[in-house]
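Naming: A, B, ... by sequence-line order, numbering from 1 per chain. Only heavy atoms go into these numbers, but all of them, side chains included; no hydrogens, no water, no symmetry mates.
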Amino acid sequence: MKDLWLVIAGMTLVTFLPRVAPLLLLPGRKIPKLAERWLSLVAPAILAALLTPELLLDRTAAPMLLNPRVLAAIPTFLVAWKTKSLFAAVVAGMAASALLTY
Amino acid sequence: MNSSFRRGVRRSPPILLGYAPVGMAYGLLAQQTGIEIGPTLGLSLFVFAGASQFVAVSMLHSGSGVLVIIGTAFVVNFRHFLMSAAIAPRLAKWKIWQRLALGGMLTDESFALHSLYFAQGDLDPTAAITLNSIGYVVWVMSSAVGHRLGVLIENPKAWGLDFALPAMFVGLLLPSCRDKPAVTAALTGGAASVILSLLGAGSWAAFLGALAGATVGTVISVTGEAEA
């Protein structure tokens with residue numbers, strides 16, 4: 001329980017600082033081009049790094065390519081692609097996953 | 001009630017519709033994971049960043065350590081740094097507290113709306129901060145509602161709740177894959193993370209995989225330019 005509030009305090013710090021630092025320091029300054037490029041690639045890299053093991057590595061079974069989570073991800077990808085809406089993607093994913101558990 | 005405030009309120013429906021269901025899903029998931037209402041709302045109140053809150057709940061569930069959860073949250077939320085940097089040049093005339101209020105409550109959705117209005121030349125701080133504050137209140141309230149509703153749900157799998165987190169990653173990932181370096185970063189990050197997991201890197205796999213992905217993507221983008 002104490003750990004939980006430690007997690008919250010730490011997350012608050014590492015979330016708040018990057019959000020406000022550019023607004024406080026940056027007006028009138030420029031980040032190096034290469035650094036800017038690396039930073040812009042962190043988003044797709046971390047999202048894929050979190051997603052892929054969720055889909056492929058079931059904690060209870062051997063790794064495999066065609067499992068219910070991969071199947072549920074297909075309509076999720078299509079809906080996210082077509083609608084560009086986070087909400088629509090989450091709804092589609094949950095619906096597909098619910099249907100596949102039956 | 002001045003007109004700036006009303007303009008902020010009038011801009012809020014897309015934020016409301018976006019946050020309320022996701023906030024409820026977050027509260028539900030936290031409740032199902034056994035996290036009490038206090039810390040569940042604590043994350044929404046202090047962190048206010050959906051994807052990282054889902055990740056934290058799921059990592060707490062699998063027994064990850066404090067440091068790795070904070071480190072992963074840092075990487076997950078680092079995209080806000082770029083959004084903040086993208087709008088910073090336009091806000092040179094804003095007061096410090098106004099910049100803190102805008103940046104502290106910056107999200108994917110509010111960034112999209114702010115950049116739209118800023119690009120139209122509407123730099124009104126009151127309208128922008130009102131919009132952010134409405135989103136903040138809705139997020140915290142919907143997390144609480146979700147946590148309460150969680151008590152009523154017996155089989156979360158039948159509702160597809162266990163897929164809310166991966167689906168959210170998909171919804172955030174696709175728009176970020178704009179060009180070849182971004183797709184390379186995603187593919188490398190995903191593959192590295194799976195391999196590191198299989199090798200026993202545990203909770204650090206995603207963190208390290210992301211650093212590898214962003215680096216390989218940068219190399220691809222630099223060599224691509226050199227050839228052109």
Enquirer: What part of A:Phe16 is in contact with chain B, defined as an atom under 4.5 angstrom from a non-hydrogen atom: side chain, backbone, both or neither?
Expert: side chain
Enquirer: Given that the side chain runs from C-beta out, which part of B:Ser52 has a heavy atom under 4.5 Å from chain A: side chain, backbone, both or neither?
Expert: both
Enquirer: Go through A:Val20 and B:His80 one step at a time and tell me if the side chain to side chain contact (heavy atoms under 4.5 Å, CB included) criterion holds.
Expert: CA-CA 9 Å; A:Val20 299; B:His80 298 138; over 6 Å; no
Enquirer: List for me each residue that meets side-chain hydrogen bond (donor to acceptor under 3.5 Å, both in side chains) alongside B:Ser221, sequence neighbours excluded, and say none if there are none.
Expert: A:Arg37
Enquirer: So, taking the atom named CD1 in B:Ile96 and the one named CG in A:Leu23, what distance separates them when rounded to the nearest 0.5 Å?
Expert: 9.5 Å
Enquirer: Is there any residue in residues 43-50 of chain A with a non-hydrogen atom under 4.5 Å from a non-hydrogen atom of chain B, and which ones are they?
Expert: A:Ala43, A:Pro44, A:Ala45, A:Ile46, A:Leu47, A:Ala48, A:Ala49, A:Leu50
Enquirer: What closest approach, in Å, do A:Pro18 and B:Ser84 show between heavy atoms, and which atom pair accounts for it?
Expert: O-CB, 4.2 Å
Enquirer: Let me know if B:Leu174 has heavy atoms under 4.5 Å from chain A in its side chain, its backbone, both or neither.
Expert: side chain
Enquirer: Using heavy-atom distances under 4.5 Å, tell me whether B:Ala192 contacts chain A through its side chain, its backbone, both, or neither.
Expert: neither
Enquirer: Checking side chain to side chain contact (heavy atoms under 4.5 Å, CB included) for the pair B:Leu100/A:Leu24: CA distance, chi angles, key distance, verdict?
Expert: CA-CA 8 Å; B:Leu100 283 173; A:Leu24 296 182; 3.9 Å; yes
Enquirer: Report the option among A:Ala80, A:Ala88, A:Ala89, A:Ser97 that has the most heavy-atom pairs separated by less than 4.5 Å from atoms of chain B.
Expert: A:Ser97
Enquirer: Please round to the nearest 0.5 Å and tell me the distance separating atom CZ of B:Phe81 and atom CG of A:Leu17.
Expert: 11.0 Å
Enquirer: Taking only residues two or more places apart in sequence, or in another chain, which ones meet B:Val194 in a side-chain contact (heavy atoms from CB on, under 4.5 Å)?
Expert: A:Thr52, A:Pro53, A:Leu56, A:Leu57, B:Leu198
Enquirer: So what's closer than 4.5 Å to chain B heavy atoms on A:Ala72: side chain, backbone, both or neither?
Expert: both
Enquirer: Just verifying a value: how many Å separate A:Leu41 CG and B:Leu211 CG, rounded to the nearest 0.5 Å?
Expert: 12.5 Å
Enquirer: Please list, chain by chain and in numerical order, all residues satisfying side-chain hydrogen bond (donor to acceptor under 3.5 Å, both in side chains) with A:Trp38, sequence neighbours excluded.
Expert: B:Thr215
Enquirer: Among the options B:Gly189, B:Gly190, B:Ala56, B:Pro21, pick out the one with the most heavy-atom pairs lying under 4.5 Å from chain A.
Expert: B:Gly190
Enquirer: Checking heavy atoms, do the side chain of B:Tyr19, its backbone, both or neither come under 4.5 Å from chain A?
Expert: neither
Enquirer: Rounded to the nearest 0.5 Å, what's the gap from CE on A:Met11 to CZ on B:Phe46? Could you check?
Expert: 12.5 Å
Enquirer: State, to 0.1 Å, how close A:Thr76 and B:Phe163 come at their nearest heavy-atom pair, and which atoms those are.
Expert: OG1-CE2, 3.5 Å
Enquirer: Among B:Arg178, B:Gln53, B:Met168, which residue forms the greatest number of heavy-atom pairs with chain A at distances under 4.5 Å?
Expert: B:Met168
Enquirer: Examine whether an atom of B:Leu173 lies under 4.5 Å from a heavy atom of chain A, and if so say whether it belongs to the side chain, the backbone or both; otherwise answer neither.
Expert: both
Enquirer: Where does B:Val55 contact chain A at under 4.5 Å (heavy atoms): side chain, backbone, both or neither?
Expert: side chain
Enquirer: Atom CG in A:Leu4, atom CD1 in B:Ile69: separation rounded to 0.5 Å?
Expert: 8.5 Å
Enquirer: Which residue out of B:Leu208, B:Val170, B:Leu67 racks up the most heavy-atom pairs below 4.5 Å with chain A?
Expert: B:Val170
Enquirer: Less than 4.5 Å to any heavy atom of chain A: does that hold for the side chain of B:Pro175, its backbone, both, or neither?
Expert: neither
